[in-house]
Number of protein chains: 2
Amino acid sequence: MDVFTAVAEPSRRTLLDLLADGERSAGELVASLPALTQPAVSRHLRILREAGLVEVRPDGQRRIYTLRPEGLAELDDWLARYRRYWTRHLDSLERHLADTRTPTAERTDQS
Amino acid sequence: MDVFTAVAEPSRRTLLDLLADGERSAGELVASLPALTQPAVSRHLRILREAGLVEVRPDGQRRIYTLRPEGLAELDDWLARYRRYWTRHLDSLERHLADTRTPTAERTDQS
DNA sequence: GGCATATATACGCGTCAACGAATGTACAGT
DNA sequence: ACTGTACATTCGTTGACGCGTATATATGCC
């Protein structure tokens, strides 16, 4: 399943939002989504993993899920084409970039 | 249909990409998607309109569709939460912002 | 009016996604 | 070895989505 479809599902966005706060075990994620059963959450996690949006690490009998945000780059790349059309939050975004850019600041792009 | 679901469909992303180049009549859009019939494209356009991503304007017997990029802000807002986690293309994005920002308010705060 | 063009809607169908229940698998503790 | 816990997978069902065909609703032109 591609990234766009994976992210289209509200429960899966909720899972990503939870993982944005830090890694979580499968059981914790199940507990955070009371509307869904354990198998349903497990299936969503599989889809997110296959889409490259999360990673799993075993910890005894638990599975620890972590966010893999690079997977969202494809979505961001597509959106970049449209970002020039609205000016909302441009300043705050630019400030954010200035704050969070990597210390190494690679400029190995084109140009 | 919400914005995430609307954008999940590849043909609908193609339609938005076409409209990013400028307004198009429904017929032109149909011609640009040879794999689909006219009714199929018309239905996709309806979904995009109901999701707030395009606007229609009548022109005689034609319907002119225009992009409504603010509709993508919801997607961008959600993505903003994750943008801090990956650094890919930050430089190009920043350059892009510097190029396309509104004529007012230059900040030029890059290190 | 009469006919062609442009676009939208109605309908029926096949496919796919998401669900819960049931079951399987693996690890932990005793 | 046995039992419980944590998680994944299978199965069958249901509902939504996307499609093409056929049809409706304009508008334009003669």
Side-chain angles (χ1 to χ4, degrees), chain A residues 1-19 22-68 71 74-75 78, chain B residues 1-19 22-68 71 74-75 78:
Chain A
M1 186 175 298
D2 71 296
V3 175
F4 287 88
T5 309
V7 160
E9 226 287 327
S11 298
R12 287 197 286 265
R13 285 201 299 280
T14 301
L15 288 170
L16 293 176
D17 289 343
L18 288 165
L19 292 175
E23 59 182 31
R24 296 275 192 280
S25 72
E28 289 173 320
L29 295 172
V30 169
S32 298
L33 285 146
L36 294 184
T37 61
Q38 176 267 320
V41 175
S42 183
R43 282 188 300 260
H44 282 310
L45 288 170
R46 173 144 88 122
I47 288 169
L48 290 174
R49 175 163 36 85
E50 289 173 355
L53 296 175
V54 303
E55 280 177 350
V56 206
R57 158 171 53 91
D59 174 32
Q61 52 184 340
R62 312 214 173 150
R63 303 291 182 106
I64 309 297
Y65 282 84
T66 53
L67 189 66
R68 201 178 152 278
E74 183 188 348
L75 215 167
W78 178 79
Chain B
M1 188 175 296
D2 69 296
V3 175
F4 288 89
T5 308
V7 160
E9 225 286 327
S11 298
R12 287 196 284 266
R13 284 202 299 279
T14 302
L15 287 170
L16 293 176
D17 288 343
L18 287 165
L19 292 175
E23 59 183 29
R24 296 275 192 280
S25 72
E28 290 172 321
L29 295 171
V30 169
S32 299
L33 285 149
L36 295 184
T37 60
Q38 176 266 319
V41 175
S42 183
R43 282 188 299 261
H44 281 311
L45 288 171
R46 173 145 87 124
I47 289 169
L48 290 174
R49 176 163 33 88
E50 288 173 356
L53 296 174
V54 302
E55 280 177 352
V56 207
R57 159 170 52 91
D59 173 33
Q61 52 184 339
R62 312 215 172 149
R63 302 291 181 107
I64 308 297
Y65 282 84
T66 54
L67 190 65
R68 203 178 150 277
E74 182 188 348
L75 214 167
W78 178 81

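Residue numbers begin at 1 in each chain, while the letters A, B, ... track the order of the sequences.
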Among the nucleotides [options], which one has an atom lying closest to any side-chain atom of [X]?
X       : options                : answer
B:Ala26 : C:dA18, C:dT7, C:dC27  : C:dT7
A:Ser11 : C:dC19, C:dA17, D:dC7  : C:dC19
A:Thr37 : C:dA18, C:dG20, D:dG28 : C:dG20

(request) Name the residue closer to the 5' end of DNA chain C, choosing between A:Ala35 and A:Asp59 according to the nucleotide with the nearest heavy atom. (result)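 The 5'-side residue here is A:Ala35.
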(message) On DNA chain C, does the nearest nucleotide to A:Arg12 precede the nearest nucleotide to B:Arg49 from the 5' side, or the other way round? Give the residue.
(response)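 Nearer the 5' end of the strand: B:Arg49.
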(message) Any N or O donor-acceptor pair under 3.5 Å from the base of C:dA8 to the side chain of B:Gln38?
(response)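 Such a pair is found, so the answer is yes.
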(request) Establish whether the base of D:dT10 is bridged to the side chain of A:Arg43 by a donor-acceptor pair shorter than 3.5 Å. (result)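 Pair found.
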(request) Begin from the C-alpha positions of A:Met1 and A:Arg12 and carry the test side chain to side chain contact (heavy atoms under 4.5 Å, CB included) through to its verdict. (result) CA-CA 13 Å; A:Met1 186 175 298; A:Arg12 287 197 286 265; 3.7 Å; yes
Under 4.0 Å from OP1 or OP2 of [N]: is there any side-chain N or O of [X] that close?
X       : N      : value
A:Tyr65 : D:dA6  : no
A:Arg46 : D:dT9  : yes
A:Arg62 : D:dC7  : no
A:His44 : C:dA17 : no
A:Ser42 : D:dC7  : no

(request) Output yes when a side-chain donor or acceptor of A:Arg24 lies under 3.5 Å from a complementary backbone atom of A:Ile64, and no otherwise. (result)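 No; judged by distance alone, with no hydrogens or angles, the pair does not exist.
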If you look at every strand shown and take non-hydrogen atoms under 4.0 Å, does [X] touch a base, only sugar-phosphate, or nothing?
X       : answer
B:Leu45 : nothing
B:Pro39 : base
A:Thr5  : nothing

(request) Please name the pair of heavy atoms, one in A:Ala51 and one in A:Val3, separated by the smallest distance, quoted to 0.1 Å. (result)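 What the structure gives for the nearest pair is O-CG2, 3.8 Å.
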